[in-house]
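The structure appears right after this line, and notes come after that.
Since the structure is predicted, the reported quantities are computational estimates derived from the model, not experimental observations.
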Amino acid sequence: MNVLANGVVERELEADLVIDAGGRGSRALHWLSSLGISGIRKRTVGSGLAYAGRLCRATTRLDDFPVVNVQAEPRGSHPGRPPC
């Protein structure tokens, strides 16, 4: 165990399996390789989640309202679609 100057405790863990749920932009494989760790096998598993974005124009002036939030339709098996 190693205590860093900022009080964070650093310790080494052994593992047979490491799961990185950092998503598509994860740098974990790069970090492990830069530490000299070899033999890394990568397997990607789809989560079934999706993201979609849509730009909408407000129907009235919203100068005093800073955010418009549109939430997906939770009752269907498909993404919601805001009335833009």
Exercise. When rounded to the nearest 0.5 angstrom, what is the spacing between CG in Leu17 and CZ in Arg43?
Worked result: 10.0 Å
For this session: Give a yes or no on this: more than 12 heavy atoms of other residues, nucleotides or ligands lie within 6.0 Å of atom CG of Asp16.
Result: no
Problem set entry | Shared hydrophobic cluster for Leu35 and Ile40 (ILVMFWY, side-chain gaps under 4.5 Å) | yes
